Amino acid sequence: MNKIDMHFHTTLSDWKFTNEQVIDEAKGKWLEFIVATEHDIINTELVNLATKKGIKSIEWVEISSHDDKILKKSLHLTCYANQFSGQIIDILDKSRNGRIEKIKTQIRVLNSNWFNLNYDDFIAYFTSKWFRVDNLNNAHIDEFFFLLYENRKLLSEITGQEIWSPEFIWKCLIPNWEFSHLWWWAVDKYEPTVTEIWNISKESWYFLSLAHPNFTFQEDFDLFKKFIEEYKWVFNWIEINSLASKEWVQTILETSKKHNMILTFWSDDHFVRDRIDLKHWKFWELNPHMSEWQITRQYKYFCFMMVVLDTLKKSWNY
């Protein structure tokens with residue numbers, strides 16, 4: 001069986017394992033192919049380190065995107081390239097900078113309503129836990145907000161309710177919810193649309209994969225199928241996450257067969273060790289609903305397509 005993990009993170013995006021530590025984990029588990037899919041930033045160093053240790057790797061990135069047609073919300077796309085264009089780099093930079101500005105704005109709004117949140121303390125708290133500043137979001141505001149009793153007390157007095165984490169996000173920091181009119185603040189759109197990413201990727205011969213549909217679509221299989229039909233010309237690949245249910249695995253397999261998509265895998269590991277995490281699994285943790293034969297077959301198909309892609313690029317002088 002080919003042991004691979006094509007979706008995980010390091011300190012370059014939002015967890016505490018360095019590239020060297022990831023390589024050590026991969027060697028210890030006898031992995032032969034790994035891909036770091038950092039959030040809106042490209043991890044070139046891991047590819048070089050992996051190659052030196054006899055582990056195959058390529059450049060990949062997890063792009064924050066937005067669907068304004070079917071989902072009407074953000075989603076993640078993983079994208080492969082031998083070398084990413086300046087257009088993609090600009091989009092990634094815009095997304096990371098946009099997240100920082102969103103956090104600053106949201107904290108200012110909460111401060112103006114007498115809550116105690118100091119931006120510098122907020123940043124120091126999470127950087128000490130190995131988080132990159134440009135990967136912070138409302139969930140981190142939620143965590144920091146509830147560290148102080150005075151914030152919890154004031155929230156209760158204003159709303160007349162006992163609101164706890166993570167309920168605070170849904171009721172107060174997301175638009176169109178119960179108390180969002182008091183504290184949520186809109187910022188200019190900073191994430192590219194799915195179509196925008198596609199227009200760039202097709203010009204540069206990139207392959208796009210829809211990341212962890214089991215989390216993006218929850219249990220709404222009809223919405224997932226509608227989304228794929230809308231964007232079947234966009235996605236060459238589709239991901240099976242380590243935590244995908246049997247029904248999700250079956251649905252993705254049927255979809256990939258129908259639209260001739262390559263499968264990508266797995267964990268979306270953020271190397272969480274100090275708390276229960278229901279979305280991010282352990283590095284190279286097998287999905288129990290996938291057979292070894294299926295994984296090996298898809299991996300070989302993936303390798304074949306990479307050779308074909310490189311050959312086509314060279315023939316067209318890309």
Side-chain angles (χ1 to χ4, degrees), residues 4-29 31 33-64 74 76-81 83-84 88-89 91-104 119-144 191 211-212 215 239 241-243 264-285:
I4 64 178
D5 196 326
M6 303 169 73
H7 190 158
F8 61 87
H9 301 270
T10 73
T11 52
L12 195 60
S13 52
D14 61 352
W15 205 240
K16 62 185 179 183
F17 270 33
T18 63
N19 284 328
E20 290 83 359
Q21 289 171 313
V22 168
I23 297 297
D24 288 342
E25 284 243 335
K27 291 289 286 186
K29 296 179 184 295
L31 269 69
F33 180 72
I34 59 175
V35 176
T37 50
E38 314 290 3
H39 291 292
D40 300 309
I41 192 166
I42 301 161
N43 191 341
T44 303
E45 183 189 45
L46 183 83
V47 179
N48 297 328
L49 290 174
T51 301
K52 291 178 181 177
K53 294 290 185 177
I55 302 173
K56 297 176 184 177
S57 184
I58 55 175
E59 288 189 5
W60 209 298
V61 63
E62 186 169 14
I63 303 174
S64 301
S74 298
H76 288 163
L77 315 177
T78 50
C79 181
Y80 158 80
Q83 185 174 11
F84 285 96
I88 286 289
I89 301 298
I91 281 178
L92 301 181
D93 289 344
K94 182 180 178 182
S95 290
R96 297 199 314 276
N97 293 333
R99 277 196 292 272
I100 293 173
E101 289 306 310
K102 180 180 179 181
I103 287 289
K104 286 181 177 178
Y119 178 76
D120 291 335
D121 290 344
F122 170 83
I123 295 300
Y125 174 78
F126 283 104
T127 53
S128 70
K129 298 175 68 173
W130 303 92
F131 281 86
R132 280 179 58 98
V133 172
D134 51 18
N135 267 278
L136 299 175
N137 54 43
N138 279 349
H140 302 104
I141 292 180
D142 173 90
E143 179 179 336
F144 192 70
E191 294 175 337
H212 43 64
F215 296 127
E239 180 181 289
N241 178 268
S242 287
L243 292 178
T264 60
F265 310 91
W266 285 115
S267 64
D268 194 14
D269 191 354
H270 290 243
F271 298 103
V272 174
R273 296 290 182 264
D274 57 355
R275 62 184 174 86
I276 296 174
D277 193 308
L278 299 179
K279 288 190 176 182
H280 306 121
W281 205 228
K282 296 177 182 178
F283 193 45
W284 191 73
E285 195 75 20

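These figures come from a predicted structure and were not determined experimentally. Computed from heavy atoms alone, side chains included, the values below leave out hydrogens, waters and symmetry copies.
Once rounded to the nearest 0.5 Å, the distance linking NZ of Lys53 with CD1 of Ile23 reads 8.5 Å. Between Ile55 atom CD1 and Ile4 atom CD1 the span is 13.5 Å, to the nearest 0.5 Å. Rounding to the nearest 0.5 angstrom, the gap separating the CZ atom in Phe122 from the CD1 atom in Ile141 is 5.0 Å. To the nearest 0.5 Å, atoms OG (Ser57) and CZ (Phe33) are separated by 6.0 Å. To the nearest 0.5 Å, atoms CD (Glu38) and CG (Asn19) are separated by 7.0 Å. The line from CG of Asn137 to CG of Asp142 is 10.0 Å long, rounded to the nearest 0.5 Å.
Nearest heavy-atom pair across Ser95 and Ser64 is OG-O, 4.2 Å. Across every non-hydrogen atom of Arg96 and Asp40, the tightest pair is NH1-O, 2.6 Å.
Judged purely by atom type and a 3.5 angstrom limit, Thr10 has no side-chain atom pairing as donor or acceptor with the backbone of Thr18. Panel note: side chain Glu101, backbone Gly98; no donor-acceptor pair is recorded below 3.5 Å. Here the side chain of Glu239 pairs no donor or acceptor atom with the backbone of Thr264 at under 3.5 angstrom.
Between Ile42 and Ile89 there is a side-chain heavy-atom pair separated by less than 4.5 Å. Using a 4.5 Å cut-off on side-chain heavy atoms (C-beta onward), Leu46 and Leu49 make no contact. Looking at Tyr125 and His140, their side chains never come closer than 4.5 Å, going by heavy atoms from C-beta outward. Taking the side chain as every heavy atom from C-beta outward, Ile103 and Val133 never approach each other to under 4.5 Å.
Screening Thr78, Ile41, Val35, Leu92 for a side-chain contact (heavy atoms from CB on, under 4.5 Å) involving Val61 leaves a single residue, Leu92. No option in His7, His39, His9 other than His39 meets the ring pair (Phe, Tyr, Trp, His ring centres under 6.0 Å) test with His76.
A search for ring-ring contact (aromatic ring centres under 6.0 Å, His included) contacts involving Phe84 returns Tyr206, not counting sequence neighbours.
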Practice task
Just do the side-chain contact (heavy atoms from CB on, under 4.5 Å) check on Arg99 and Arg132 with the steps written out, would you?
Solution key: CA-CA 11 Å; Arg99 277 196 292 272; Arg132 280 179 58 98; over 6 Å; no
Practice task
Carefully, step by step, assess Asn135 and Ser13 under the rule side-chain hydrogen bond (donor to acceptor under 3.5 Å, both in side chains).
Solution key: CA-CA 6 Å; Asn135 267 278; Ser13 52; 5.1 Å; no
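Using cut-offs of 30° and 60° on the angle between ring planes, the pair Phe126 and Phe144 is tilted.
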